[in-house]
Every structure is written in C-alpha cells, then in structure tokens.
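All remarks here apply to the structure that follows.
Numbering of ligands and ligand atoms starts at 1, following listing order. Nothing fancy with the numbering, it's 1 onward along the sequence. Only heavy atoms go into these numbers, but all of them, side chains included; no hydrogens, no water, no symmetry mates.
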Amino acid sequence: MSHDLADKTLFLETFGCQMNILDSELVLGQLARLGYRRTADRDGADLVLFNTCSVRDHAEQKVYSRLGELRPIKTARPDMILGVIGCQAQREGENLARRFPHVDLLCSPGELDRLPELIAAVASTRERAFALHGLQSRRSSTLDRAREHDALEALDLSRSFSPDASPIQAYVRVQRGCDKFCTYCVVPTVRGKERSRRPEHIVAEAQMLARAGCREVTLIGQTVNSYVQVDEAGTTVTFARLLERVAAVPGLVRVRFVTSYPGDFDEDILRVMADVPNVCPFLHIPAQSGSDRVLRAMRRQYTAADYYRLIDRAREIVSDVSIVGDFIVGFPGESDADFAASVEMVRRVRYKNSYIFKYSARPGTAAFRNQPDDVPEPVKRERNRILLDEQEAVCQQLNRELLGMTVQVLVEGPSKLAADGSTAVARGQLAGRTQADRIVVFDPPPGAEPASLVGSLCEVRVREINPYSVVGELVAVAAPLSAPRPAVTPLGYKGLTVLR
Ligand code: SAH
Ligand code: SF4
Ligand code: F3S
C-alpha cells in the first residue's frame, strides 16, 4: 500500500454474534499491521468503525443513533474516517450511505479482507468507498465464491497473538454463512451460503492459538453441527471428527462449540462429548419455539418431539450436559397455546439459560414478506417476561443443585466483579468459567500470586450463588500452567492448500 497510515487511532464497536466478535478481532489485527492503535476515545479517533448486526431491528437502531451522534463530530473533524462494516452494511448497502452522508465506507462481512484497501482509498481521495455484494464488488457479477472463500480464509489465517496479550479463550470459525433460511432470519442473506472451512486450516488455527497460550477454543458456526468437509487425504470430515481433531491439539484443555441446529443432529457428536475429556459437556441448541405449528411457520425442519428426543439422547449419552437455548416470542400467528408450548419446553428441558427474543420483522426475510407481524407489542413483551420468569425459576433450581458441588474452573484472570456484585475492586479474587460456561469467582490460595493461576484448571467448591456470580473456594489446582508462552507468528497461508 502506497499510503502511510502509521500511528493513527482506531475506535471499533462490535454488535451481534460470535462471528462478529471474531471478525472484529481480525479487523483489529489487520489494522494494527497498518499502524492503527485501538482507542476508547471514539470522538477523537482517526478511524471509527461499527461492526454491525442485522438480526433484530434494535441492533440496527443502536447503530443509527451512534451515526447520528457522530454527525457533528465528523463536521468538526472532517479527516475522521467513519465506516460501517458487517451485516447491516450488507443488508442496507447504499440506503445506509444515502441516509448518512457522513459515512465514508461500507464493507460486507464477506469483503473484510478488502478493508485496508477501502481505508487507504478514502484517506487518499476523500471519496467514499464501498465493498458490498451486488454493488461495486469484485465478486458481484459472477460472485466468484471460491475466490471470496480464499480471501476470507487468508484473513482468518492471518490471526496472530503476542504471548503476553493472548486470551485464555478464543473463537475459531468452522463455517461461514447459513443455508437454513429460517423464515425470520437475515443471516443467510447477509452472510451468504454455508461453506465449511478446511479441517487442516481449523486445526492449524487451533494449534497457533494453543501455542500462544490459549487454553479454550470455541468452534463457531451458525449451524456448527452441519459442518462437513473433505480433508487433504480425501477423507470426509464430519463435525464429530473435526471435534476430535481439535480436541487433540496439545495445550487445549477445553473445546466447545456453538451454535447447534437441532435438525439432523448427529449423535456421534454426543459420543465425542462423552468420551473426549476436554470436549465440554455443553450444547447451545436453540429450539426457537415449543409449538410445531410455529416451528413449521419458521421453517425449522424439526418438531418439538424431535427436539425433546434429541435432548433426552444428549442427557443419556452425556449425563452432565448443560443445555442452552434460544426462543423467539411473538412470532407471526403465535397463539396463547403456541406460547404455552414454549413455556413447557423451558420447564421440561431445564436449560442452563435461554436467550429470549421478541420477534422482530426483518426486511428481506420470508416472514417479513409473507407473515404479518400480528402479535401486538404488549403481548410480545408479556410473553418475553413470562418466559424469562420461567427460565429464572429453572436457573434457581439448577443453582441450588450446584451449591456445595465441586466444579472445574478454567481461570481467566482477575475478577471484574466483587463477590457482592459491585464493581469495586475485587480483593485480588480470580474469575473463570466452568465447563457449563458459568462464571465462578474465588480467592487465590494464601501467598500465591493470582496471575500465576491464570490459564490453570482449578477445582472449586461452590459456596454461594448470587445474581452476578457463583462464589467458591479453591480445592485444588488441577493443571498448573508451567510452560512459558512462546512467541507466535501468523500462520502462513501459502503452506496450506485451499479446497475449492
Ligand atoms: N444460527 C443460530 C442463530 C443465529 S441468530 C441458530 O440457528 O441457532 C441468534 C438468535 O437470534 C436466533 O437463535 C434467534 O433466536 C434470534 N433471532 C433471529 N432472527 C430473529 C428475529 N427476526 N427476531 C427475533 N429474534 C431473532
Ligand atoms: Fe438464521 Fe436459521 Fe441459519 Fe440460525 S439456522 S442463522 S436462525 S437461518
Ligand atoms: Fe447479527 Fe450478522 Fe451475527 S446479523 S447475529 S452479526 S451473523
């Protein structure tokens, strides 16, 4: 790049799911290599980026208000570069640019490898620059999907960590896009068709992370269990087999994955979970509704009975499995009886927790076109509250069962919350997560340097459960972290062949 971009500041705010969190990390790495330092001072930054989500209207509204706030700031500081990247940039495209003329750049999730190029173009020409599918995109006319996949692959593999700044937990993408087309959902339209990544690349990325000191990897995909790809030897690798390969990476003490799609769920995955000790007994497997009528209208391709059967099998094969769900309340046509079936599901499945959303009609989806958003807002709100209360009751029950138990905690660092939930400095306490992804706070052993336990697996007895955290006492340090963390360089892309 001819342009010297060194020594500038970047403000980046991320909305949405794990895919966006990972994309933001890649963007930060990409821009750090160009000399951008991250800042918390949005209004004083040289480059302001919003990595956006379109899954519900609320997430998009937040971005509009941010962009509104930045209008006068951009007038006062015209050299600031303001960009919207991610799913909303793709969904709204030029409409967003028209509504917010002070936005300098737009970039789809599928074009993020081009972000440095866009920034350089804006900086040198002061013209706006867009990289969107179906618009001024090198991939728009023929939609060269293989090239897109390669370019995004290179971006994924460009990831690097310095050993002193490496996180204990990290995401690794196993697939892009989604083919399910649930009628309410924008993801397939903004993220494109489902493509599974090469198993070699996924494993190489997990190895790089482990070498940098990362101890837990979360494999991510919109329907992670539908992963399937052929490896270099020509062997078909299903998600269960991929899970085994990642779990075998030296240094990884935990592997988990999100999000599972309940249709066509392969029981082999459950067997790997039961047999491989570092695969967490944890399933995030959204049902969305307990009513067959609603599931059909959502085009979810399974019935409530299928779902219950799957949960029963999961509990048979993996006795201590923790189950997390998602529900949408107020889907078009949802009756009281339909909703009651969702309440029943929360009760019967006993989710560790559920993410509960009020239906939001999204332009571009089948439900938006064909199904009037006919459940009134107050009814949606009421159903949301009822389901949350139901889930809360389940949580309290599960919490009571947890009291006095000894859980395995992967220590992530100093606790941000004191045991009483206040944000006051937490007396050198440590925080980590259980295999079921619960945050546990505990005191380090007397005389020990708390930092020395970061990255260790500890046995902690649960003493107290409060609204903000689980508090416990250290029983034993199961796996101390002894090896020094070596320096790690980005993965070479060239050494790995990409399958088309
Ligand atoms: N791929 C994941 C979910 C991705 S979106 C899966 O299928 O499980 C995350 C969650 O947002 C969904 O599980 C759903 O509960 C919710 N969601 C998606 N579209 C929505 C909409 N239009 N209104 C409300 N909630 C929605
Ligand atoms: Fe959206 Fe359905 Fe795909 Fe999940 S499976 S991302 S809800 S279309
Ligand atoms: Fe949102 Fe895009 Fe994820 S729409 S949920 S950020 S894939």
- Query: Does R256 make a cation-pi contact with F282 (under 6.0 Å, within 45 degrees of the axis)?
  - Reply: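 Yes, R256 lies over the aromatic ring of F282.
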
When you measure from the centre of the six-membered ring of Y64, is the NZ or CZ of R99 under 6.0 Å away and within 45° of the axis?
->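 Ring-cation test returns yes.
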
Looking only at protein heavy atoms, identify the closest one to [atom] and say how far it is in Å.
| atom | answer |
| --- | --- |
| atom 8 (S) of ligand 2 | C182 N, 3.3 Å |
| atom 4 (Fe) of ligand 2 | R300 NH1, 4.2 Å |
| atom 1 (Fe) of ligand 2 | C185 SG, 2.3 Å |

Within ligand 2, which atoms have a heavy atom of [X] less than 4.0 Å away?
| X | result |
| --- | --- |
| F181 | 8 (S) |
| K180 | 3 (Fe), 5 (S) |
| Y184 | 7 (S) |

| said: I'd like to know if I328 contacts ligand 1, where contact means a heavy-atom distance under 4.0 Å to any ligand atom. | reply: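 Yes.
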
Check this for me: does any side-chain nitrogen of one of [X] and [Y] sit under 4.0 Å from a carboxylate oxygen of the other?
| X | Y | answer |
| --- | --- | --- |
| D268 | R241 | yes |
| R350 | E401 | yes |
| D179 | K193 | yes |

Contact check, R191 vs ligand 3, heavy-atom distance below 4.0 Å: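 Yes.
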
- Message: So for Q18, does at least one of its heavy atoms come nearer than 4.0 angstrom to any atom of ligand 3?
- Response: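 No heavy atom of Q18 comes that close to ligand 3.
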
Kindly identify the option in R191, H58, K358, M298 whose heavy atom sits closest to atom 24 (C) of ligand 1.
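Closest candidate by heavy-atom distance is K358.
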
**Message:** On a heavy-atom basis, I'd like to know which of R300, K180, R362 is closest to atom 7 (O) of ligand 1.
**Reply:**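 Among R300, K180, R362, the closest heavy atom to atom 7 (O) of ligand 1 belongs to R300.
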
Any donor-acceptor pair under 3.5 Å linking the side chain of [X] with the backbone of [Y]?
| X | Y | answer |
| --- | --- | --- |
| Y307 | I285 | yes |
| T303 | D306 | yes |
| N384 | R381 | no |
| Y308 | R348 | no |

Do any nitrogen or oxygen atoms of [X] come within less than 3.5 Å of a nitrogen or oxygen of ligand 1?
| X | answer |
| --- | --- |
| Q288 | yes |
| D326 | yes |
| R56 | yes |
| Y261 | no |

Partner of T9 by side chain to side chain donor-acceptor pair (under 3.5 Å), out of T39, D41, D46: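 Going through the options one by one, the only one that passes is D46.
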
Practice item. Decide yes or no for F257 and F239: does some side-chain heavy atom of the first lie under 4.5 Å from some side-chain heavy atom of the second? Key: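 The answer is yes; the side chains approach within 4.5 Å.
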
At less than 2.8 Å, would any N/O/S atom of C17, backbone or side chain, sit next to atom 3 (Fe) of ligand 3?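 Yes, C17 qualifies, because one of its backbone or side-chain N, O or S atoms lies under 2.8 Å.
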
Select one of side chain, backbone, both or neither to describe which atoms of [X] lie under 4.0 Å from any atom of ligand 1, heavy atoms only.
| X | answer |
| --- | --- |
| V55 | both |
| P286 | side chain |
| Y184 | both |

Hey, what's the ring geometry for F15 with F50, parallel, tilted or perpendicular (30° and 60° as the breaks)?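 The rings of F15 and F50 sit tilted, inter-plane angle from 30° to 60°.
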
request  = On the 0 to 90° scale, with breaks at 30° and 60°, tag the H284-Y355 ring pair as parallel, tilted or perpendicular.
outcome  =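 The arrangement is tilted - the two ring planes meet at 30° to 60°.
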
Heavy-atom distances under 4.0 Å are what count here, so tell me which part of [X] touches ligand 2: side chain, backbone, both or neither.
| X | answer |
| --- | --- |
| C178 | side chain |
| T223 | side chain |
| P188 | side chain |

- With E25 as reference, evaluate R159, R173, R38 under the salt bridge (charged side-chain N to carboxylate O under 4.0 Å, His left out) test and give the passing residue.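 Considering R159, R173, R38, a salt bridge (charged side-chain N to carboxylate O under 4.0 Å, His left out) with E25 is found only for R159.
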
Considering the heavy atoms of C53, write down every atom of ligand 3 situated less than 4.0 Å from one of them.
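Listed by number with element: 1 (Fe), 4 (S), 5 (S), 6 (S).
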
- Message: Give the atom numbers and elements of ligand 3 that come within less than 4.0 Å of a heavy atom of V55.
- Response: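 Within the 4.0 Å cut-off of V55, ligand 3 contributes 1 (Fe), 4 (S), 5 (S).
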
Looking at atom 2 (Fe) of ligand 3, is there an N, O or S atom belonging to C87 that lies under 2.8 Å away from it?
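C87 does place an N, O or S atom closer than 2.8 Å to atom 2 (Fe) of ligand 3.
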
